[in-house]
Amino acid sequence: MAVGKVSDANFEAEVLKADGPVLVDFWAEWCGPCRMIAPALDEIAGAMGDKVKIVKLNVDESPKTASKYSVMSIPTLIVFKGGQSTSRQMGALPKQKLQQWISTVV
């Protein structure tokens with residue numbers, strides 16, 4: 001499953017009303033660490049398949065959602081289950097650590 005994109009407009013439908021767990025990567029084009037973890041998230045999305053849906057939300061294009069979830073620094077990764085924020089990770093991590101964290105929280 002590829003990494004998808006969400007915005008303020010479709011966040012509720014794509015994330016909060018999703019059937020399974022959703023990991024949201026709050027990022028921006030100009031953020032170096034955000035770009036560093038993108039390939040790892042792509043690989044993890046492929047490896048985990050239907051266990052978790054991974055999407056990206058550009059904080060510059062969708063500031064309302066970022067503000068609602070108190071995203072102060074990027075990258076911030078938040079896992080949502082049943083419409084609720086259940087776990088949060090800030091900063092860039094190596095792929096192995098990202099995968100471990102995602103596996104334990106979904």
Side-chain angles (χ1 to χ4, degrees):
M1 190 177 215
V3 173
K5 290 187 175 157
V6 293
S7 65
D8 284 346
N10 67 357
F11 189 83
E12 185 176 348
E14 292 292 320
V15 177
L16 301 181
K17 292 185 176 174
D19 290 335
V22 182
L23 180 138
V24 181
D25 173 16
F26 290 85
W27 75 292
E29 203 68 50
W30 48 265
C31 168
C34 299
R35 290 197 310 270
M36 276 174 35
I37 66 168
L41 288 175
D42 285 337
E43 289 176 31
I44 293 167
M48 296 194 77
D50 292 338
K51 289 186 191 130
V52 62
K53 176 178 173 181
I54 300 178
V55 296
K56 297 169 88 66
L57 182 131
N58 186 317
V59 297
D60 290 335
E61 295 170 1
S62 298
K64 280 187 200 155
T65 303
S67 175
K68 180 178 179 183
Y69 292 100
S70 303
V71 173
M72 300 297 184
S73 63
I74 52 174
T76 293
L77 305 171
I78 303 178
V79 173
F80 291 85
K81 289 183 189 172
Q84 299 296 313
S85 161
T86 59
S87 187
R88 175 183 292 240
Q89 179 72 49
M90 291 164 51
L93 292 173
K95 179 186 168 200
Q96 185 181 358
K97 292 228 185 274
L98 275 174
Q99 196 151 12
Q100 277 179 323
W101 173 69
I102 294 167
S103 295
T104 57
V105 297
V106 299

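Hydrogens, waters and symmetry mates are skipped; everything else that's a heavy atom, side chains included, is used. Quantities reported herein were computed from a predicted structural model and do not represent experimental measurements.
Checked by atom type and distance alone, the side chain of Thr86 pairs as donor or acceptor with a backbone atom of Val79 at under 3.5 Å. Side chain of Asp25 to backbone of Leu77: no donor-acceptor contact under 3.5 angstrom is found. In terms of modelled atom types and a separation under 3.5 Å, the side chain of Ser67 and the main chain of Lys64 share no donor-acceptor contact. Side-chain atoms of Lys5 never come within 3.5 Å of backbone atoms of Asn58 as a donor-acceptor pair (strictly under, hydrogens ignored). Checked by atom type and distance alone, the side chain of Ser62 pairs as donor or acceptor with a backbone atom of Asp8 at under 3.5 Å.
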(message) Evaluate Trp27 against Ile37 for side chain to side chain contact (heavy atoms under 4.5 Å, CB included), listing each step before the verdict.
(response) CA-CA 10 Å; Trp27 75 292; Ile37 66 168; over 6 Å; no
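Under the 4.5 Å side-chain criterion, counting only non-hydrogen atoms from C-beta, Glu14 is not in contact with Val55. Using a 4.5 Å heavy-atom threshold, the side chains of Val71 and Ile78 count as touching. Counting only heavy atoms from C-beta outward, the side chains of Met48 and Ser103 approach each other to under 4.5 Å.
Under the 30°/60° scheme for interplanar angles, the aromatic rings of Tyr69 and Phe80 are found to stand perpendicular.
Summarising the geometry of Val3 relative to Lys56, their closest heavy-atom pair is CG1-CG, 3.5 Å, with the distance given to 0.1 Å. Taking both residues in full, the closest heavy atoms of Trp101 and Ser87 are given as NE1-OG, 3.3 Å, listed atom of the first, atom of the second, then distance.
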